[in-house]
Amino acid sequence: KELKGIQTVTAADGSVYVSSSYNQGFTFAGKDVTDPEGLTSACVVKYSATGEELWAVSMEGAATIYALDADTDGTLYIAGNFTDAVKYTGTDGVTAEMTSETVYSAFVAKISADGKVEAMEVITPAADTEIEGSFLYYPTASDIHVTPSKLQVEGDKIYVSAIFCGDVAELSWEGAYLNVFDSMYMDNKSAGVFSLNKSDLSDVKSVATVQNTELVSYSQYCPETLSFVADNSAVYVGFVGLGNLTLTTADGSQDFTFAMDGEGSNEHAFVLATIGETTTAKTFNTAAHSNLAATYNLFMEGNGDNLIIGGTYYGELPFNTELTSGELNSTIFMASVKKTDASVNWAYTGESETAATCMTIASSLQPMLTPPLLT
């Protein structure tokens with residue numbers, strides 16, 4: 001099987017945490033990790049700064065880790081999703097179980113620097129009961145899910161972004177159920193950011209959601225990708241989407257409408273929202289282009305007074321529309337944007353016409369005055 005969920009983070013002392021999935025037993029740091037008997041399970045392992053194997057924490061069952069971050073003292077926080085029942089075991093030998101019935105729930109775990117699972121929070125989605133009872137909505141198990149994409153430690157909070165379908169009661173998130181001419185319901189994917197207390201993963205709260213709640217023609221429109229940066233009292237949320245999208249925060253809602261020609265070409269604009277006591281947003285518009293383009297990828301990191309935004313794009317680059325990608329292929333980009341007013345310091349592309357899939361950068365970026373060289 002193809003394994004997934006490979007993520008890394010480096011602690012302040014130079015030790016390295018690595019997450020992955022696994023589908024057979026293995027030995028790490030002299031201890032056996034149980035064979036999950038055909039399931040693709042999740043684990044996180046720790047190496048010392050010199051590469052010595054230190055410990056492994058396993059999550060036996062159908063689980064995947066998608067994001068992780070470490071605190072200054074080496075405490076690790078991970079986020080992913082799972083279904084059915086998953087047993088997790090720390091280095092102290094304590095085993096516990098989390099359950100999710102038939103949907104893919106999200107989990108956030110706190111793991112000490114020596115590998116003990118100190119806290120676990122599960123966030124479970126569910127189909128709207130009234131819509132499910134209409135006999136016009138037939139979701140499969142994988143259709144209802146919360147799938148984390150990024151986790152960041154900031155102050156006394158943990159922030160997590162996720163794609164979701166269905167309702168999420170813990171966050172008061174409602175799915176984007178679209179009534180298709182009274183013949184069926186479609187649950188269009190939505191994106192959101194939520195926070196938890198760092199101490200014990202309690203007090204789960206929504207920071208923002210981005211979703212489409214209006215049926216447009218025969219096509220479904222949605223946030224394609226979303227990332228964020230938490231910085232002191234503000235959370236900067238960036239997303240690329242198409243169609244009519246609504247950003248919802250504690251401050252209220254803002255609507256965005258992106259160009260469509262009715263023949264399969266759509267504008268894939270980038271929106272940067274600054275969420276604090278109030279919410280402001282700036283849209284970086286582009287020309288509409290074919291839906292055949294590869295899906296966008298996106299990451300964001302804080303860098304002093306600026307945000308570093310990168311990933312892949314197709315068509316016009318939102319931060320400099322004079323920069324364009326190759327035909328029907330995505331191109332790597334990186335841009336620097338001021339936190340104060342979202343003005344662009346610089347934007348750079350890889351000028352490649354080969355298909356690009358994803359890109360990440362280290363969280364310890366030093367201030368940059370000139371664009372980096374991408375290879």
Side-chain angles (χ1 to χ4, degrees), residues 149-150 152 154 159 161 191 193 208 210 223-242 245 247 249 254-259 266-276 278-289 293-326 329-353 356 358-375:
S149 55
K150 178 180 178 178
Q152 182 189 339
E154 174 60 25
Y159 294 87
S161 60
V193 179
V210 180
E224 284 193 322
T225 184
L226 176 147
S227 190
F228 73 94
V229 171
D231 183 17
N232 295 321
S233 58
V235 179
Y236 302 90
V237 175
F239 61 91
V240 176
L242 63 160
L245 300 178
L247 168 70
T249 69
Q254 297 185 42
D255 296 325
F256 303 88
T257 300
F258 304 126
N266 302 290
E267 177 185 8
H268 290 62
F270 177 87
V271 176
L272 178 62
T274 303
I275 303 169
T278 60
T279 301
T280 59
K282 179 176 180 178
T283 302
F284 297 82
N285 294 100
T286 65
H289 61 71
T295 302
Y296 280 57
N297 291 276
L298 183 67
F299 68 76
M300 293 173 56
E301 296 288 346
N303 185 29
D305 295 331
N306 303 309
L307 298 170
I308 303 299
I309 303 170
T312 63
Y313 76 102
Y314 173 78
E316 294 181 351
L317 179 66
F319 306 100
N320 181 349
T321 55
E322 294 181 359
L323 300 175
T324 59
S325 70
N329 285 310
S330 57
T331 297
I332 293 172
F333 79 92
M334 185 175 285
S336 172
V337 176
K338 292 181 180 178
K339 292 178 180 176
T340 53
D341 60 4
S343 60
V344 177
N345 297 312
W346 50 258
Y348 185 83
T349 73
E351 300 179 356
S352 169
E353 294 188 1
C358 64
M359 183 176 176
T360 60
I361 56 175
S363 60
S364 57
L365 282 172
Q366 297 301 312
M368 293 190 229
L369 300 179
T370 57
L373 176 63
L374 299 185
T375 58

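These values consider heavy atoms only, across backbone and side chains, with no hydrogens, waters or symmetry-generated copies. Numbering of residues begins at 1 and proceeds along the displayed sequence.
- Using a distance-only test at 3.5 Å, with no hydrogens or angles considered, no donor-acceptor pair links the side chain of E301 to the main chain of V229.
- Under the 3.5 Å distance criterion, with hydrogens and angles disregarded, a donor-acceptor pair is assigned to the side chains of S161 and S149.
- Under the 3.5 Å distance criterion, the side-chain polar atoms of Q254 are left unmatched by any main-chain donor or acceptor of A273.
- If you take NE2 on H268 and CG on N285, they are separated by 13.5 Å, rounding to the nearest 0.5 Å.
- For K338, the NZ atom sits in a loose shell: 12 or fewer heavy atoms of surrounding residues, nucleotides or ligands are nearer than 6.0 Å.
- Atoms CZ and OG1, on F239 and T225 in that order, are 11.5 Å from each other to the nearest 0.5 Å.
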Exercise for review: With side chain to side chain donor-acceptor pair (under 3.5 Å) as the test, would you mind laying out the steps for T349 and T331 before giving the verdict?
Suggested key: CA-CA 7 Å; T349 73; T331 297; over 6 Å; no
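- At least one donor-acceptor pair under 3.5 Å links the side chain of E316 to the backbone N or O of A287.
- Here the shortest heavy-atom pairing between P318 and F284 reads O-CB, 3.4 Å.
- Between the K282 side chain and the T274 main chain, no donor and acceptor come within less than 3.5 Å of each other.
- Minimum heavy-atom separation, A259 to A288: O-CB, 4.4 Å.
- Both cation-pi conditions hold for K150 and F228: the charged atom is under 6.0 angstrom from the six-membered ring centre and inside a 45 degree cone around its axis.
- Nearest heavy-atom pair across L242 and F258 is CA-CD1, 4.0 Å.
- For the pair F319/M334, no side-chain contact is recorded, criterion being any heavy-atom separation below 4.5 Å from C-beta on.
- Checking L307, V337, I275 one by one against Y236, the side-chain contact (heavy atoms from CB on, under 4.5 Å) holds for a single residue, L307.
- For the residue pair A269 and T286, the shortest heavy atom distance occurs at N-OG1, 4.2 Å.
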Practice item. Kindly determine whether L323 and F333 satisfy side-chain contact (heavy atoms from CB on, under 4.5 Å), including the steps that lead there. Key: CA-CA 10 Å; L323 300 175; F333 79 92; over 6 Å; no
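- There is a side-chain donor-acceptor pair under 3.5 Å between D341 and S343.
- The shortest distance between side-chain heavy atoms of W346 and N320 does not fall below 4.5 Å.
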Exercise for review: Apply the test side-chain contact (heavy atoms from CB on, under 4.5 Å) to residues V210 and L226: give CA-CA distance (whole Å), side-chain angles for both, the deciding distance (0.1 Å), then the verdict.
Suggested key: CA-CA 9 Å; V210 180; L226 176 147; 3.9 Å; yes
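- Here the shortest heavy-atom pairing between Y313 and L317 reads CE1-N, 3.4 Å.
- Considering all non-hydrogen atoms of both residues, G238 and M300 come closest at N-SD, 3.5 Å.
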